[in-house]
Amino acid sequence: MTLRVGGLEDGVPSLDHEGTWLLGHTGRIDFGTPRVAGEDLLVDATLHLRCRHYKEERGEARCGAHGFQGPAVPEGERPAQPRRLGPDRFLILEQLQLVERELPAPPPPRGLPVVEGANPCLGAPCRTADHVRGSACCRDLQVEILCTPEETALEALIWNRLSPYLCKIDRESPRSLGAEMISACGYLDARGECALHGRARADGSTAKPDLCFEWPVKGRGEHPGCVFVGGKKVGG
């Protein structure tokens with residue numbers, strides 16, 4: 001399917017950040033090469049999410065909707081999509097192209113950016129809807145899938161993916177569907193922290209996508225266990 005990264009009216013720097021953020025979430029998405037089409041930046045993608053009607057037991061598969069049966073479908077190997085290529089080398093979107101760049105780490109290394117003081121999310125018991133704990137904001141994302149009402153087969157496939165890995169689907173426009181998806185970010189290091197934090201692009205702007213700095217507004221869809229819910233503190 002095709003995902004919309006954003007509109008050209010937002011400007012190239014903004015789209016570079018949007019694209020770096022979106023194409024970083026490689027946990028369950030294989031991305032193609034970003035391309036400009038009309039006034040939009042698009043990217044073809046394969047979403048690795050099974051059908052919610054697919055049932056498997058002892059090597060046999062069954063469709064819970066239509067009753068079809070057969071051998072279980074083996075998981076195919078996915079192509080590698082590294083975003084961290086070395087201690088200081090990363091793949092990021094620059095001038096709307098995915099490129100390899102040297103991004104030296106500043107001394108001393110720090111955690112996620114905050115207004116002041118220590119990172120309030122460090123060690124927080126936040127979790128996504130699949131009950132995986134920690135770094136929830138780095139595994140949850142919103143996607144815009146190009147799909148018109150006439151593309152009934154594609155829309156049916158989207159609506160029947162396994163929740164919560166693809167959920168909260170609605171029609172955003174006559175040509176696209178919006179959805180929430182769980183797919184881990186490839187910029188997270190072994191400790192679950194963002195490896196881009198504190199690094200800068202060649203133009204001096206932050207290498208970390210700027211939308212990652214937007215902390216949730218209290219009472220508006222925070223993840224369970226979020227430190228911003230009800231004035232909780234880390235470990236609370």
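The chain is numbered in sequence order, starting from 1. Computed over heavy atoms, backbone and side chain alike; hydrogens, waters and symmetry mates excluded. Note that the coordinates shown come from a computational prediction; the quantities given were computed from them, not determined experimentally.
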Next on the checklist: Is a donor from one side chain sitting under 3.5 angstrom from an acceptor on the other, for Thr128 and Asp140?
Outcome noted: no
Checklist entry - With sequence neighbours excluded, what pairs up with Gln81 under the side-chain contact (heavy atoms from CB on, under 4.5 Å) test? => result Thr26, Asp30, Phe31, Arg78, Arg83
Item to check | salt bridge (Lys or Arg N to Asp or Glu O under 4.0 Å) involving Arg101 - partner list, sequence neighbours excluded | outcome: Glu94
Next on the checklist: Using a 3.5 Å distance criterion without hydrogens, assess whether the side chain of His131 forms a donor-acceptor pair with backbone atoms of Arg127.
Outcome noted: no
Checklist outcome for this item: Here the salt bridge (Lys or Arg N to Asp or Glu O under 4.0 Å) pairs for residues 6-29, sequence neighbours left out, are none
Next on the checklist: Quick one, Arg139 with Cys185, criterion side chain to side chain contact (heavy atoms under 4.5 Å, CB included). Give me CA distance, side-chain angles, the key distance, then yes/no.
Outcome noted: CA-CA 6 Å; Arg139 292 185 290 105; Cys185 179; over 6 Å; no
Next on the checklist: Test of understanding: with ring-ring contact (aromatic ring centres under 6.0 Å, His included), list the residues that count as partners of His17, not counting sequence neighbours.
Outcome noted: none
Item to check | Donor-acceptor pair, side chain of Ser135 and main chain of Cys138, under 3.5 angstrom | outcome: no
Item to check | Heavy-atom pair of closest approach, residues Ser176 and Glu144 | outcome: OG-OE2, 2.8 Å
Checklist entry - Side-chain contact, heavy-atom cut-off 4.5 Å: Asp170 with Glu172? => result yes
Item to check | Test: Glu155 and Arg171 ion pair at under 4.0 Å | outcome: yes
Item to check | CG-CD1 distance between Leu47 and Ile158, expressed to the nearest 0.5 angstrom | outcome: 8.5 Å
Next on the checklist: Starting from Phe90, can I reach Leu96 by hopping between I/L/V/M/F/W/Y residues whose side chains sit under 4.5 Å apart?
Outcome noted: no
Checklist entry - Between Leu3 and Leu15, is there a shared hydrophobic cluster once you connect ILVMFWY residues whose side-chain heavy atoms come closer than 4.5 Å? => result yes
Checklist outcome for this item: Here the gap from Glu222 atom CD to Cys126 atom SG, rounded to the nearest 0.5 Å, amounts to 11.5 Å
Next on the checklist: Run the salt bridge (Lys or Arg N to Asp or Glu O under 4.0 Å) test against Glu180 and tell me which residues pass, sequence neighbours left out.
Outcome noted: Lys168
Item to check | side chain to side chain contact (heavy atoms under 4.5 Å, CB included) assessment of Ser163 paired with Arg52 | outcome: CA-CA 7 Å; Ser163 178; Arg52 64 190 177 96; over 6 Å; no
Checklist entry - Any ring-ring contact (aromatic ring centres under 6.0 Å, His included) pairs touching residues 149-190, not counting sequence neighbours? => result none
Checklist outcome for this item: Residues at least two apart in sequence or cross-chain that pass ring-ring contact (aromatic ring centres under 6.0 Å, His included) with His66, listed by chain then number, are Phe68
Checklist entry - With a 4.5 Å limit on heavy-atom distance, are the side chains of Leu98 and Thr20 in contact? => result no
Item to check | Partners meeting side-chain contact (heavy atoms from CB on, under 4.5 Å) with Ala179 (sequence neighbours left out) | outcome: Val143, Leu166, Ile169
Checklist outcome for this item: Apart from Leu146 itself, its cluster of hydrophobic side chains linked below 4.5 Å comprises Leu42
Item to check | Donor-acceptor pair, side chain of Glu60 and main chain of Glu57, under 3.5 angstrom | outcome: no
Checklist entry - If you measure from CG on Asp210 to OG on Ser205, what distance do you get to the nearest 0.5 Å? => result 8.5 Å
Item to check | Student check: side-chain heavy atoms of Leu141 and Ser183 closer than 4.5 Å | outcome: yes
Checklist entry - Same cluster or not: are Leu211 and Met181 linked, directly or through other Ile, Leu, Val, Met, Phe, Trp or Tyr residues, by side-chain heavy atoms under 4.5 angstrom apart? => result yes
Next on the checklist: Quick one, Glu100 and Arg89 - any side-chain contact, counting heavy atoms below 4.5 Å?
Outcome noted: yes
Checklist outcome for this item: One should read off an interatomic distance between Leu157 CG and Leu49 CG, to the nearest 0.5 angstrom, of 11.5 Å
Checklist outcome for this item: Interatomic distance, CD@Glu56 vs CZ@Arg62, rounded to 0.5 Å, equals 12.0 Å
Next on the checklist: Is any side-chain heavy atom of Ile92 closer than 4.5 Å to one of Arg201?
Outcome noted: yes
Next on the checklist: Working note: Leu23 + His25, criterion side chain to side chain contact (heavy atoms under 4.5 Å, CB included); need CA distance, chi angles, decisive distance, verdict.
Outcome noted: CA-CA 5 Å; Leu23 272 69; His25 285 82; over 6 Å; no
Item to check | Pairwise side-chain contact, Leu91 with Leu85, heavy-atom cut-off 4.5 Å (strictly under) | outcome: yes
Checklist entry - For the residue pair Gly225 and Ala124, what are the closest heavy atoms and their distance? => result O-CB, 4.4 Å
Checklist entry - Other than Val73, what residues sit in its cluster of Ile, Leu, Val, Met, Phe, Trp and Tyr side chains whose heavy atoms are under 4.5 Å apart, directly or through others? => result Tyr54
Item to check | Single-linkage hydrophobic cluster Val132~Ile29, side-chain heavy atoms < 4.5 angstrom | outcome: no
Checklist entry - Heavy atoms, side chains only, cut-off 4.5 Å: are Asp44 and Met1 in contact? => result no
Item to check | Residue pair Leu196 / Ala207: nearest heavy atoms and the distance that separates them | outcome: CD1-O, 3.7 Å
Checklist entry - Same cluster for Leu93 and Val43 if Ile/Leu/Val/Met/Phe/Trp/Tyr side chains link at under 4.5 Å? => result yes
Checklist entry - Quick one: salt bridge (Lys or Arg N to Asp or Glu O under 4.0 Å) partners of Asp40, sequence neighbours excluded? => result Arg4, Arg175
Next on the checklist: Restricting to non-hydrogen atoms, name the atom on Ala61 and the atom on Pro71 that form the minimum distance, rounded to 0.1 Å.
Outcome noted: CB-O, 3.8 Å
Checklist entry - Which residues pass the salt bridge (Lys or Arg N to Asp or Glu O under 4.0 Å) test with Arg133, sequence neighbours left out? => result none
Next on the checklist: I'd like to check Asn160 versus His53 (side-chain heavy atoms, cut-off strictly below 4.5 Å). Are they in contact?
Outcome noted: yes
Next on the checklist: Could you go through Val5 and Arg35, starting from their C-alpha distance and side-chain angles, then the distance that decides it, and tell me whether this counts as side chain to side chain contact (heavy atoms under 4.5 Å, CB included)?
Outcome noted: CA-CA 10 Å; Val5 180; Arg35 68 182 191 278; over 6 Å; no
